[in-house]
Trainee: 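Quick one: structure below, then a few questions.
Chain letters run A, B, ... following the sequence lines, proteins first, then strands; residues in each count from 1.
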Protein chains: 2
Amino acid sequence: METKTALTALTGLAHATRLAIFRLLVPAGAPGLAAGQLGEALRLPPATLSFHLKELRHAGLLTQRRAGRTLYYAADYTAMNALLAYLTENCCQADAGGCEAVCAPPVPARKRRSSSATRRPL
Amino acid sequence: METKTALTALTGLAHATRLAIFRLLVPAGAPGLAAGQLGEALRLPPATLSFHLKELRHAGLLTQRRAGRTLYYAADYTAMNALLAYLTENCCQADAGGCEAVCAPPVPARKRRSSSATRRPL
DNA sequence: TCCATATTTCCATTATTTTGGAAATATAGT
DNA sequence: ACTATATTTCCAAAATAATGGAAATATGGA
């Protein structure tokens, strides 16, 4: 990933509302969530929500899928992984046994969710 | 790391000049670089540079150290690691074998610099 | 076709961030 | 004390981002 792309992704996530949107979409997986569901969960006026969804989509962090009248948005894990790779590669310590040793996440992985998505608060 | 802190760090990095500053400081290690060196490298007017250094410092991404008249800035690896941990934990795929499998950086680690001794994380 | 629903786009207003010159501060040397 | 260097803070202008009401678009159903 090049710096310009990383910068776009960082800018996409660097806003409270957008980070909240993205975090809601992460556990939602590939099916994603409808714009309306996001709007209700975050109590956002439609225009404001739409603005941030557009930003995230332009930042390459979200995919959009239409089903009837509703538009579903899903987190683009590939983009997120690429951002993490960029940060690990470019913004981590060079010494002391390589980057992995220093940058490895100190927390265990998220638990797999059950069939009905349990959502956690913001 | 809580969301508010992560947001601050993301906002810190989400600017071309600040990301450039941070990327210059990463390989510079604990001694860091003088403000003047950064200004010359990036060709920034002093006030502008100082503004961004302050932003990065307030975002917890930089440490400051004075030596005589010059101020040295260094990347705070701990903060960066915490940000990576947050993103890995909160913004990565939940399924398919856990987060590490999905979010592991697909690129090899940076090469260590041969000249200086092994350095510990800050 | 007409109406309802889901969501976006338009756009003006407001809010926030960024910029950089000039003045101020900090330190060192003479 | 004076001068030079390194860097910051002040501040106002310029640039950019965010907000949300209202109008527009897209789709589905009667």
Trainee: First locate atom CG of B/N81, then atom CG of A/L87, and finally report the distance between them rounded to the nearest 0.5 Å.
Mentor: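 Between atom CG of B/N81 and atom CG of A/L87 there are 11.0 Å.
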Trainee: Given atom CZ of B/R43 and atom C1' of C/dG20, what is their separation to the nearest angstrom?
Mentor: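 Between C1' of C/dG20 and CZ of B/R43: 16 Å.
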Trainee: Taking OH from B/Y72 and C1' from D/dT5, how many angstroms apart are they, rounded to a whole number?
Mentor: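 Taking atom C1' of D/dT5 as the reference, OH of B/Y72 is at 13 Å.
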Trainee: Set out, line by line, the N/O atom pairs under 3.5 Å between protein and nucleotides 11-16 of chain D.
Mentor:
none

Trainee: For the CG atom of B/L19 and the CG atom of A/L7, what is their distance to the nearest 0.5 Å?
Mentor: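 Between atom CG of B/L19 and atom CG of A/L7 there are 5.5 Å.
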Trainee: Determine whether more than 12 heavy atoms belonging to other residues, nucleotides or ligands lie under 6.0 Å from atom CD of A/Q64.
Mentor: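 Yes - once you tally the heavy atoms of other residues, nucleotides and ligands closer than 6.0 Å, there are more than 12.
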Trainee: Let me confirm one number: the OH-OG1 distance from B/Y77 to B/T63, rounded to the nearest 0.5 Å.
Mentor: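 So the OH of B/Y77 and the OG1 of B/T63 are separated by 9.5 Å.
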Trainee: Between A/T17 and B/K54, which has a closest nucleotide on DNA chain D that is more 5'?
Mentor: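 Its nucleotide being nearer the 5' end, the pick is B/K54.
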Trainee: Report, one pair per line, the protein and nucleotides 20-30 of chain D atoms (nitrogen or oxygen only) whose separation is under 3.5 Å.
Mentor:
from: D/dG20; atom 1: OP2; to: A/T48; atom 2: OG1; distance (Å): 3.3

Trainee: So do the side chains of A/L13 and A/L83 get within less than 4.5 Å of each other, counting heavy atoms only?
Mentor: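 Touching, per the 4.5 Å side-chain cut-off.
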Trainee: Base, sugar-phosphate, or nothing: which does B/R18 touch, judged by heavy atoms less than 4.0 Å apart?
Mentor: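 Here B/R18 touches the backbone only, sparing every base.
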Trainee: How many Å lie between CD on B/Q64 and C1' on C/dT25, as a whole number?
Mentor: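 Checked: the CD to C1' distance equals 13 Å.
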Trainee: Rounded to whole angstroms, how far apart are OH on B/Y73 and P on D/dA6?
Mentor: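 Rounded to whole Å, this separation is 15 Å.
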Trainee: Phosphate oxygens OP1/OP2 of D/dT19: is one of them under 4.0 Å from a side-chain N or O of A/H52?
Mentor: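 So the side-chain polar atoms of A/H52 do come within 4.0 Å of the phosphate oxygens OP1 or OP2 of D/dT19, strictly under.
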Trainee: May I have the distance from B/L49 (atom CG) to D/dA6 (atom P), rounded to whole angstrom?
Mentor: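 Going from CG in B/L49 over to P in D/dA6 covers 14 Å.
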Trainee: Over how many whole Å does the gap from B/E40 atom CD to D/dT5 atom C1' extend?
Mentor: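 It works out to 14 Å between those atoms.
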Trainee: Side chain to side chain donor-acceptor pair (under 3.5 Å) with A/T3: which residues, sequence neighbours excluded?
Mentor: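 Per chain and number, A/T3 pairs via side chain to side chain donor-acceptor pair (under 3.5 Å) with A/Y86, B/R23.
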Trainee: If I take atom NE2 in residue B/H15 and atom C1' in nucleotide D/dA17, what distance separates them, rounded to the nearest angstrom?
Mentor: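 Rounded to whole Å, this separation is 12 Å.
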Trainee: Do A/L53 and A/F51 make a side-chain contact, defined as non-hydrogen atoms from C-beta onward lying under 4.5 Å apart?
Mentor: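 No, their side chains stay 4.5 Å or more apart.
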Trainee: Calculate the interatomic distance between B/H58 atom NE2 and D/dT8 atom C1'; express it in whole Å.
Mentor: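 So the NE2-C1' distance, B/H58 to D/dT8, works out to 12 Å.
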Trainee: Would you compute the distance between atom CZ of B/R57 and atom NE2 of B/H52 and round it to the nearest 0.5 angstrom?
Mentor: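 Going from CZ on B/R57 over to NE2 on B/H52, the span is 15.0 Å.
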Trainee: Please work out if B/S50 contacts a base, only the sugar-phosphate, or nothing of the nucleic acid, heavy-atom cut-off 4.0 Å.
Mentor: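 Base contact.
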Trainee: How long is the straight-line distance from NE2 of A/H58 back to CG of A/L56, given to the nearest 0.5 Å?
Mentor: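 So the gap between those two atoms works out to 10.5 Å.
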